[in-house]
Every structure is written in structure tokens, then in C-alpha cells.
Amino acid sequence: MPAGLALWVRVELGGLVLAGVLAAVAVGCVVWWRWHPSSWLRFGWYPLVARVRALVVYRPRWASVMATCRLATVFGGDRYVPRLLRVRCDRWGDELTVRMLPGQGMRRRRRRWTGTRTRPRTTPTGSG
């Protein structure tokens, strides 16, 4: 979307206007960063970093990583891979939201990843 908008401004209004718009956006970001750094990080910088990481780091390698984790499956000659829905980023790390394939439960996956068994939930039984 931003690239398409920049291309439209460049074609319709010229390169000088595009440079002015980009400079105004950059100055606005620097002012916001200096004025209120915590909100800049939360609403400006981390979403930008998350978008770049989703496009450059996670998506190109997603299918091979899912196959390595044995989360991808082949059925009828077609390969099915869980979808990466969203990447969120903060200063501690990245949080990936994934749509698992039908039949892939988290209890089973957690057992495989950690090597431990989860205890089944028990419900109290009433007498009488």
C-alpha cells in the first residue's frame, strides 16, 4: 500500500513532491520519537519491525520451518502448511499467530515440542 501510494504521488505530482512527503513523514516520526518515546515504540517502531520481519524473515522460510517441526502435511500430492496470520513484535521478542491445520491440537504439539506429557484435566465427581 505505501509503495503504491508513493508510486502514484511520483507519477501524478512528481519526484520533488514525493521527496517532500517522505521528508515530512520522517520529520514527523523523529518528533514523535523525541516527544513520547514509549508510544512511538509501541505504535510506530515495533509494528514496522514486525512487518519487515514477517516479509523478510518469517514468510520466505515458513514452509520449510513448518516441515522441520512436522507441522506440514502432504495429502493427495498437495502440501498443506499452517498459515502465518500475524507477527507482533516488542523489545523482548516476536509473537507469531498461526492458524493450525485441522486436526492439529496444541496439547499434542506441546507434548512433542517439550518432550513432556500434559496431565489430562480431571473433573470432580459428585457422589449421590
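- At a threshold of 4.5 Å between non-hydrogen side-chain atoms, the residues Leu71 and Val81 do not count as touching.
- Qualifying ring-ring contact (aromatic ring centres under 6.0 Å, His included) partners for Trp8, counting only residues two or more places apart in sequence or in other chains: none.
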Take Val17 and Val9 through the test side-chain contact (heavy atoms from CB on, under 4.5 Å) and record every step on the way to the result.
CA-CA 7 Å; Val17 173; Val9 168; 4.1 Å; yes
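- Within the structure, side chain to side chain donor-acceptor pair (under 3.5 Å) pairs that include any residue of residues 73-82 do not occur (at least two apart or interchain).
- Residue pairs satisfying the side chain to side chain donor-acceptor pair (under 3.5 Å) criterion with at least one member in residues 20-34, sequence neighbours excluded, are listed as follows: Trp32-Ser39.
- With rounding to the nearest 0.5 Å, the separation of CG in Leu41 from NE2 in His36 is 10.5 Å.
- Grouping the Ile, Leu, Val, Met, Phe, Trp and Tyr side chains by contacts below 4.5 angstrom, directly or via other members, places Leu96 apart from Val49.
- Annotation: side chain to side chain contact (heavy atoms under 4.5 Å, CB included) contacts of Leu48 (sequence neighbours excluded): Trp45.
- Side-chain heavy-atom separations under 4.5 angstrom define the hydrophobic clusters, and the remaining members of the one that includes Val11 are Leu7.
- For residues 57-69, every residue pair satisfying the side chain to side chain donor-acceptor pair (under 3.5 Å) rule, not counting sequence neighbours, is listed here: Tyr58-Asp94.
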Which pairs of donor and acceptor atoms, one on a side chain in residues 82-90, lie under 3.5 Å apart (sequence neighbours left out)?
unit_1 : atom_1 : unit_2 : atom_2 : d
Asp90  : OD1    : Trp92  : N      : 3.0
Asp90  : OD1    : Gly93  : N      : 3.0

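- Cluster annotation: Tyr46 is not connected to Val57 through the hydrophobic network of ILVMFWY side chains, with a link wherever side-chain heavy atoms come within less than 4.5 Å.
- Val31 belongs to a hydrophobic cluster whose remaining members, ordered by chain and number, are Val27; membership requires side-chain heavy atoms of ILVMFWY residues under 4.5 Å apart, directly or through intermediates.
- In the hydrophobic clustering of this structure, Val65 groups with Met100; members are Ile, Leu, Val, Met, Phe, Trp, Tyr whose side-chain heavy atoms approach within less than 4.5 Å, directly or through other members.
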